[in-house]
S.K.: 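Okay, handing you the structure first.
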Amino acid sequence: MSTTSQASQRITALLDENSFVEIGAMVTARATDFNLKQTETPSDGVVTGYGVIDGNLVYVYSQDASVLNGSIGEMHAKKIANLYDLALKTGAPVIGLIDSAGLRLQEATDALNGFGEIYKKQVMASGVIPQITAVFGTCGGGLAIFPTLTDFTFMEEKKAKLFVNSPNALDGNTTAKCDSASAAFQSEESGIVDVVADEATIFSKIRELVCMLPSNNEDDASFEECTDDLNRASAELVNCVGDTSIALSTISDNNVFFEVKENYAKEMVTGFIKLNGVTVGAVANRTEVYDEEGKVTDKFDAVLTKKGCEKAADFVNFCDAFEIPVLTLTNVKGYEATLCSEKGIAKAAAKLTAAFAGATVPKVNVIIGKAFGTAYVAMNSKAIGADITMAWPDAQIGTMDAKLAAKIICDGKGADAIETCAKEYAELQNNVTSAARRGYVDQIVEPADTRKYVIGAFEMLFTKREDRPAKKHGTV
């Protein structure tokens with residue numbers, strides 16, 4: 001490598017041993033304004049090249065904060081753009097390690113143009129190759145668009161800063177009041193960051209993610225030999241209706257579950273599992289969060305929220321772009337009913353519906369609890385395109401809770417009449433058998449046997465082909 005900087009050390013920590021090959025080590029700044037000619041700019045502040053992660057080819061750029069604070073000038077940008085060109089030609093992921101003061105002021109319009117060129121490369125690569133960004137230092141201003149144009153973002157828990165406007169530049173705010181540039185804020189409030197951890201853990205998690213993803217949108221090699229029992233029964237699954245992150249881990253080969261956006265919209269779980277060695281994208285409603293000691297730390301209503309819908313929609317769109325099958329675990333009774341939610345829930349639910357309906361990958365839905373109203377319809381129901389719908393025996397499927405329906409139907413009548421009506425409604429309308437008789441549920445499966453039935457469904461759907469009307473793109 002051209003330097004032994006922290007930028008280089010990060011690449012070494014990320015890739016397989018001795019696999020990195022640097023490109024453009026001799027590149028330096030061309031600009032001479034403001035005494036730049038007298039300033040050494042080795043590699044122009046960014047180390048670029050390629051290597052392997054568990055044998056998978058990846059392209060990496062790592063910004064060097066010791067060179068002009070890692071700022072992006074003309075040649076710095078050209079190196080990153082060149083890396084994207086190579087990645088697109090060869091169909092391999094790009095991993096960006098960010099630690100930069102942002103735009104190099106001494107290069108003005110040349111630097112601005114460089115930013116634009118990188119933005120364009122990222123957009124061209126979107127849906128073609130996986131893009132991963134890890135923020136270790138400062139990522140501010142226009143540089144904050146880099147991670148948000150990529151698919152997955154990792155952020156160092158203490159030193160990293162991610163912002164468009166710094167906390168002190170926000171009206172009425174200071175860093176002491178709310179550090180809007182912190183990893184906690186960006187992962188919990190903005191939903192930009194998928195994983196927050198220390199540096200070593202970030203490298204480990206990136207390696208894990210790369211090994212779960214296909215190299216590009218035409219690669220079907222995101223599978224491995226399964227060493228787990230395909231027919232493994234899990235009696236504890238019946239207790240996982242609340243915390244579906246545990247349910248997904250239980251269903252998955254060797255309990256592998258890579259959760260994304262774990263700290264954001266926790267009532268909606270998104271992540272990757274393995275089923276018979278194949279990577280599957282999973283989306284699940286959640287009403288409880290358990291910690292490692294088995295204690296409940298959060299509780300949620302079984303409703304769709306604006307943030308949850310957007311989180312799930314983006315995830316399903318990623319899976320569809322890269323031919324990753326989608327599994328959903330449904331337990332939802334309606335939409336969040338708050339004034340704040342009402343400002344965006346309709347649009348967000350439309351995004352979620354469009355994502356599921358538009359996806360042509362194999363789609364399997366397992367109804368594990370309640371499935372009421374159009375919130376259920378939006379959650380990968382058969383009506384909008386699920387290929388196979390399963391349900392647990394105690395699942396409830398219908399327009400609304402039986403007691404609520406009875407109050408409307410028997411309005412003005414006594415409590416006994418409402419109680420009788422509720423029982424009748426539950427048996428006739430909300431019963432899972434009733435939905436199965438109408439063809440809305442394909443299979444009623446015992447919770448313990450969910451793994452083997454889901455694996456069987458995806459194996460059957462492996463050769464699925466489905467066309468959509470010819471169009472440039474949707475507008476939802």
Side-chain angles (χ1 to χ4, degrees), residues 235-244 246-247 266-269 284-290 295-296 298-306 308-309 328-342 345-346 349 352-353 365-384 386 389-450 453:
E236 66 271 26
L237 263 175
V238 72
N239 301 316
C240 298
V241 174
D243 195 341
T244 43
I246 298 172
K266 291 182 181 181
E267 71 282 351
M268 185 72 83
V269 180
N285 306 117
R286 175 164 55 184
T287 57
E288 295 175 321
V289 179
Y290 285 84
K295 295 177 183 174
V296 177
D298 288 292
K299 275 186 173 288
F300 310 102
D301 209 4
V303 293
L304 292 182
T305 66
K306 176 182 180 291
C309 286
T328 46
L329 302 183
T330 298
N331 177 27
V332 67
K333 64 180 184 180
Y335 302 99
E336 185 180 31
T338 66
L339 188 61
C340 185
S341 172
E342 197 62 21
I345 187 64
L352 181 63
T353 305
N365 184 24
V366 183
I367 300 168
I368 62 171
K370 294 174 180 176
F372 291 157
T374 53
Y376 142 64
V377 174
M379 271 297 295
N380 192 30
S381 66
K382 206 166 189 65
I384 63 169
T389 299
M390 302 176 193
W392 290 358
D394 291 339
Q396 300 174 55
I397 305 166
T399 52
M400 62 180 70
D401 181 79
K403 288 181 181 177
L404 188 58
K407 284 180 182 177
I408 297 169
I409 294 169
C410 300
D411 187 32
K413 298 180 182 178
D416 290 345
I418 291 173
E419 187 67 29
T420 303
C421 180
K423 284 181 181 177
E424 189 178 358
Y425 193 91
E427 288 173 15
L428 291 175
Q429 294 290 340
N430 286 0
N431 193 293
V432 68
T433 309
S434 157
R437 283 176 180 154
R438 289 169 167 80
Y440 303 133
V441 170
D442 298 301
Q443 295 167 299
I444 298 174
V445 303
E446 289 297 327
D449 296 328
T450 303
Y453 279 104

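Every heavy atom of this structure was used, including side-chain atoms; hydrogens, water molecules and symmetry mates were not. We number each residue from 1, following the sequence as shown.
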S.K.: Got a second to check how far R286's CZ is from D298's CG, nearest 0.5 Å?
M.R.: 8.0 Å

S.K.: Of all the heavy-atom pairs spanning K266 and F300, show the shortest one and how long it is.
M.R.: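 So the two residues come closest at CB-CZ, 3.6 Å.
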
S.K.: Indicate yes or no: at least one non-hydrogen side-chain atom of K382 is less than 4.5 angstrom from one of D442.
M.R.: yes

S.K.: Can you establish whether the number of heavy atoms outside D394 located under 6.0 Å from its atom CG is more than 12?
M.R.: no

S.K.: Between V303 and E336, which heavy-atom pair has the shortest distance, and what is it?
M.R.: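 Closest approach of V303 to E336: CB-N, 3.7 Å.
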
S.K.: Looking only at the side chains, is there a donor atom on one of T328 and N365 sitting less than 3.5 Å from an acceptor on the other?
M.R.: yes

S.K.: Taking C-beta and beyond as the side chain, do M379 and L304 meet within less than 4.5 Å on heavy atoms?
M.R.: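 Side chain of M379 against side chain of L304, heavy atoms only: contact under 4.5 Å found.
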
S.K.: In Å, rounded to the nearest 0.5 Å, how long is the span from CD of E288 to NZ of K299?
M.R.: 4.0 Å

S.K.: For A247 and L329, work out which heavy atoms get closest and say how close.
M.R.: CB-CD1, 4.0 Å

S.K.: Checking side-chain polar atoms at under 3.5 Å, does R437 have a donor or acceptor matched by the opposite partner on T433?
M.R.: no

S.K.: Which heavy atom of A349 sits nearest a heavy atom of C309, and at what distance?
M.R.: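 Scanning both residues, the minimum pair turns out to be CA-SG, 3.9 Å.
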
S.K.: Going from CD1 on I444 to CH2 on W392, what distance comes out if it is rounded to the nearest 0.5 angstrom?
M.R.: 14.0 Å

S.K.: For V296 versus Y290, what's the shortest heavy-atom pair and its separation?
M.R.: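 Heavy atoms of V296 and Y290 come nearest at CG2-CE2, 3.4 Å.
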
S.K.: Taking the side chain as every heavy atom from C-beta outward, state whether M268 and N285 have any atom pair closer than 4.5 Å.
M.R.: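 Touching, per the 4.5 Å side-chain cut-off.
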
S.K.: Kindly write out the residues that satisfy side chain to side chain contact (heavy atoms under 4.5 Å, CB included) with T374, not counting sequence neighbours, or none if the list is empty.
M.R.: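 For T374 the side chain to side chain contact (heavy atoms under 4.5 Å, CB included) partners, ignoring immediate neighbours, are Y335.
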
S.K.: Can you confirm whether K333 sits close enough to D301 that some side-chain heavy atom of one is under 4.5 Å from a side-chain heavy atom of the other?
M.R.: yes

S.K.: Rounded to the nearest 0.5 Å, what's the gap from CD1 on I397 to OG1 on T330? Could you check?
M.R.: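 Answer rounded to 0.5 Å: 9.5 Å.
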
S.K.: How long is the straight-line distance from CD of Q396 back to OG of S434, given to the nearest 0.5 Å?
M.R.: 12.0 Å

S.K.: According to the salt bridge (charged side-chain N to carboxylate O under 4.0 Å, His left out) rule, which pairs have a member within residues 367-379, sequence neighbours left out?
M.R.: none

S.K.: To the closest 0.5 Å, what do you measure between CD1 (I367) and CG (N331)?
M.R.: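 Going from the CD1 atom of I367 to the CG atom of N331 covers 10.0 Å.
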
S.K.: Do other residues, nucleotides or ligands put more than 12 heavy atoms under 6.0 Å from the CD atom of Q443?
M.R.: yes

S.K.: What's the shortest heavy-atom distance between V432 and A391, and which atoms?
M.R.: CG2-CB, 3.4 Å

